[in-house]
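Notes follow the structure.
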Amino acid sequence: MSCQLKGREEKAGSGVRGRARSSSPGTGDRSRRRPSRKQPPRAERVAGRRGAQPSQKERAEGSPRPGSPRRKQAEHQRLREDLGKPGRSSTKRTCEGRRKRDGRASLKEQRQRAPPKKEKEALRKETRKRPKKHRSPSLASSTSGGESLSEEELARILEQLEDKKKLIATMRNKPWPMAKKLRELREAQEFVEKYEGALGKGKGKRLYAYRMLVAKKWVKFKRDFDNFKTQCIPWEMKIKDIGHFGSSVASYFIFLRWMYGVNLVLFGLIFGLVIIPEVLMGVPYGSIPRKTVPRAEEEKAMDFSVLWDFEGYIKYSALFYGYYNNQRTIGWLRYRLPMAYFMVGVSVFGYSLMIVIRSMASNTQGSTSEGENANFTFSFKMFTSWDYLIGNSETADNKYVSITTSFKESIVDEQESNKEENIHLTRFLRVLANFLIICCLCGSGYLIYFVVKRSQEFSKMQNVSWYERNEVEIVMSLLGMFCPPLFETIATLENYHPRIGLKWQLGRIFALFLGNLYTFLLALMDDVHLKLSNEETIKNITHWTLFNYYNSSGWNESVPRPPLHPADVPRGSCWETAVGIEFMRLTVSDMLVTYITILLGDFLRACFVRFMNYCWCWDLEAGFPSYAEFDISGNVLGLIFNQGMIWMGSFYAPGLVGINVLRLLTSMYFQCWAVMSSNVPHERVFKASRSSNFYMGLLLLVLFLSLLPVAYTIMSLPPSFDCGPFSGKNRMYDVIQETIENDFPTFLGKIFVFLANPGLIIPAILLMFLAIYYLNSVSKSLSRANAQLRKKIQALREVEKSHKSVTGRTTGRDSEDTAQGTSQNATQLPLTKEGMTPHSASQTQTPDKKAEDPGTFGSASGTTLPASQGLSVARPTGFRPDSGHARPQTHPWRSASGKSAQTSPH
Amino acid sequence: MGNKQTVFTHEQLEAYQDCTFFTRKEIMRLFYRYQDLAPQLVPLDYTSCPDVKVPYELISSMPELKDNPFRQRIAQVFSEDGDGHMTLDNFLDMFSVMSEMAPRDLKAYYAFKIYDFNNDGYICAWDLEQTVTKLTRGELSAEEVSLVCEKVLDEADGDHDGRLSLEDFQNMILRAPDFLSTFHIRI
């Protein structure tokens, strides 16, 4: 229901109709408020008819017929009666400024309107003298006019019902005080309650009511479910407490929680589809060689030092790849474990990719375009720099200082934009810094390669010390601990703006972690290739051992020989399990190093600073050691890389995700505690919202990079011959082919073969590229259109403004705030053009309307109406910032009424 | 759920859920927070909608607000008479607007009211000065403050009338990347 239409109705209703039925005050007013679109023509038609039969009306007035039509009549009457009210209240909603006065006037109007209306309704039916066999519960006249009327009524009720429902749904978005919201809500609910069942016809009615009932139940269920869901979100209070340190610290913990959720899903996937079926239905431990600890390791297999390195019993457990058997189906369910293993491995990546991209997309949807932010530096600083989350006086102090400095910085920037003192020196220093950092990166990469190589030597030897066994992990952790501060020190040479500096720093740490991880992988790959080349000989040895065992002489031929004990069977090195163990150890050591750093670096330091401050020469809290800062960016990067390792390792060590879930759980509590007890907030403010997608982007990159090695091993390395679910196959993915061939009908197999044809895949990829190109160009053109529209809005606003000043001068007689109110409404909207037409129309219309019928308008409500409209327009509070549609609609009407208010009282 | 029923009727809770961005549990939590502010003042039975106001001094002592430079404005904007004393309804309103779920438009509307210190419907230079002084605790010199205000008006004042109207403000805040995350109180 657009207000423009209403504007037209106003003309039709009060002009034409009012003239015809001058005896009934208030009807014109009432019909004017009807939001129906078909209103004007009908009004005219009805009015014409009325005009033609005034005598009939009078005749029938006093004698309504008794009986059922009468009852129906009354029912319908009630219906209409109430329609007037909601009609008004919906008007209230859209044209808020008018609301108060309307509420006051409505009682009066109703009282006046009701009797004549009733009589007329009765009259119309009686005079037609038609049998009323209508399905509709509303108007029962069967003339074309009546028919359309009832349809209209229905449509109108429906429309209002929809409006009410929308109102109920969006009530919380209204900028009203609670009391008003509650009142409106009650009104709307009562209306909906009343009319929900009254709609629909005959059988349809019951169906409609039923549907409404279902819809209501559904809403209730959804709300309960939402309630339940929010109750299930863990650590809400904890994060709230942390939030007092500012939104950026809270954002780290929210990120951690999100990560925990993702890992829980991955854990459920792996645990439910791989580990549990294997444990329940697979061959038990000790039955086959791959599930048994070899004889040589048996003595020490239960020692803690061995278990700690994930050797011994843990190595031959369901936590690692090697434990799984290559039987096609297991248990009475005929569960296809190798297939499940492969599919779970794929879906771990699929799910992660999906969830990361989805959350990235939802992040971008919320944010607006980045390009034009430069124009509002000071405004943003002024209005959005205070973080309302802060509820901790220390954080607040930091925030005050940082806001002050940022203001000063921008003032300085503004006053002397880019005046470099010694550009050559800066350049030299920057090149130097980058050179140093690249040296560091290369050095750390080489160190890791060297250490991994050395550890492979160690692994062949016996009796290696604890350090030698854990050298790789120790070196990697140390590098991760000491390189970032080193980078930071070097970065002071560069003299960048803090924000740019932070980006460089993040990029460098990222490169360091990535480089380390990839060198580690490369070294590991070397090892894997070595093991693969040895495999052939081991295979022969195993074969010959078994052959000799069964064919050896000196055994009673009549009794078949008991099979060789699985622990004695010689076996290959199972490179998959080795890789899995490496990742497992890396994860655990990483976790320990993190915790120890927190304990020593943060907690002990805080204790020292806190308690030694009483007896120290200088102020420890303000001076040198002070408290540790909570390093958000470093922590987030750590989390991301940890996740990368999980993704890489989870294919070879299904238990890794479980370990990671534990790790995230503990670090949630531990880091929370550390932040609350011993950290001060980061001084350099790292904006949370802007960076969240940055982190997500990093996560996506890491996900992609960890997908590569796994995909490589699956696609191009042969699996070990005697361990894991794919043993005996040429490649791991052969399991799919096998399943298709054996378990699907042949034609499906043919289809798959056909689909795998490069002739089909290459065009598909091409098509995808084309689609990307197309969508990209579409989005580009859309954003261009967006920019143009914005420009247009700006221009229209200017036009409207000048227009306002002109009209303001012409009608200068009126009070200033009325003009302001009008202009305020007029400038609100991009729809100003449409606004102009009813505008001028009503301007010309009002005088002759006034002149023609003072009767209709002049009585009861008529006199108060325009004036109070003007008043309500002038109220500056009558403005609603929400609901994008309501505004465009309200505005023309309001500006029109504002105009009429200006012109009418003479 | 047992003793929760005694505070509100089921219908009241439903209505509050319709009118705010909170779930039942959060509404109850907020109620208890509110009740905690003045235990002897606020009854534990709200089924008959008692007319109780908690004075501003107590409201502003909440940890969520006590460090906020704009706490007085917030309380004034959301209170009924503009004096900062709040009923439970006002209290719920305030945290609903400040909650994470509230849409940008609603937040922007109330942010405008908060920054409009003299309640004249416009953010004028004086309002801006107040804002800057509160944000920096008066650490900027007078010239710097006036320069900042000038700059803000320069940037955001779309119709060049020397003050920010609600539209100017919305237009500006719509593009602010951090507005949603910072204009937010977790409760």
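Order of the sequence lines fixes the chain letters, A, B, ..., with proteins taken first and strands second; residue numbering starts at 1 for each chain.
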Just checking A:M676: does its CE atom have more than 12 heavy atoms from other residues, nucleotides or ligands closer to it than 6.0 angstrom?
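Above 12, so yes.
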B:K66 atom NZ, neighbour heavy-atom count above 12 within 6.0 Å
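Yes.
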At a 4.5 Å cut-off on heavy atoms, which part of [X] comes close to chain A: side chain, backbone, both, or neither?
{"X": "B:E14", "value": "both"}
{"X": "B:Y115", "value": "side chain"}
{"X": "B:E11", "value": "neither"}
{"X": "B:A102", "value": "neither"}
{"X": "B:F169", "value": "side chain"}
{"X": "B:R71", "value": "neither"}
{"X": "B:F22", "value": "neither"}
{"X": "B:L65", "value": "neither"}
{"X": "B:M98", "value": "side chain"}

In Å and rounded to the nearest 0.5 Å, what is the [atom1] to [atom2] distance from [X] to [Y]?
{"X": "A:I390", "Y": "B:I185", "atom1": "CD1", "atom2": "CD1", "result": "11.0 Å"}
{"X": "A:M382", "Y": "B:L135", "atom1": "CE", "atom2": "CG", "result": "7.5 Å"}
{"X": "B:R24", "Y": "A:D224", "atom1": "CZ", "atom2": "CG", "result": "5.5 Å"}

Just give me the residue among [options] that pairs up with chain A most often, heavy atom to heavy atom, under 4.5 Å.
{"options": "B:S96, B:A111, B:P69", "value": "B:P69"}
{"options": "B:V132, B:T131, B:L128", "value": "B:L128"}
{"options": "B:L153, B:I123, B:V148, B:L164", "value": "B:V148"}

So which heavy atom on A:T384 is nearest to which on B:T182, and how close?
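Heavy-atom minimum between the residues: O-OG1, 3.2 Å.
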For A:A179 versus B:D89, what's the shortest heavy-atom pair and its separation?
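Here A:A179 and B:D89 meet closest at N-OD2, 4.3 Å.
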Any side-chain heavy atom of [X] sitting closer than 4.5 Å to one from [Y]?
{"X": "B:C19", "Y": "A:R172", "result": "no"}
{"X": "B:L106", "Y": "A:K174", "result": "no"}
{"X": "A:Y388", "Y": "B:H184", "result": "no"}
{"X": "B:F183", "Y": "A:F383", "result": "no"}
{"X": "A:F380", "Y": "B:I173", "result": "no"}
{"X": "A:F407", "Y": "B:V145", "result": "no"}
{"X": "A:F228", "Y": "B:T23", "result": "no"}

Flag the pair B:D18 and A:K181 as a salt bridge only when some basic side-chain nitrogen lies within less than 4.0 angstrom of an acidic carboxylate oxygen.
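A salt bridge is absent here (no side-chain N lies under 4.0 Å from a carboxylate O).
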Given A:M178, which partner from the list B:T20, B:N90, B:L88 fulfils the side-chain contact (heavy atoms from CB on, under 4.5 Å) test?
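Among B:T20, B:N90, B:L88, the one meeting side-chain contact (heavy atoms from CB on, under 4.5 Å) with A:M178 is B:T20.
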Using non-hydrogen atoms only, which part of A:L182 is less than 4.5 Å away from chain B: side chain, backbone, both, or neither?
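A:L182 touches chain B through backbone and side-chain heavy atoms alike.
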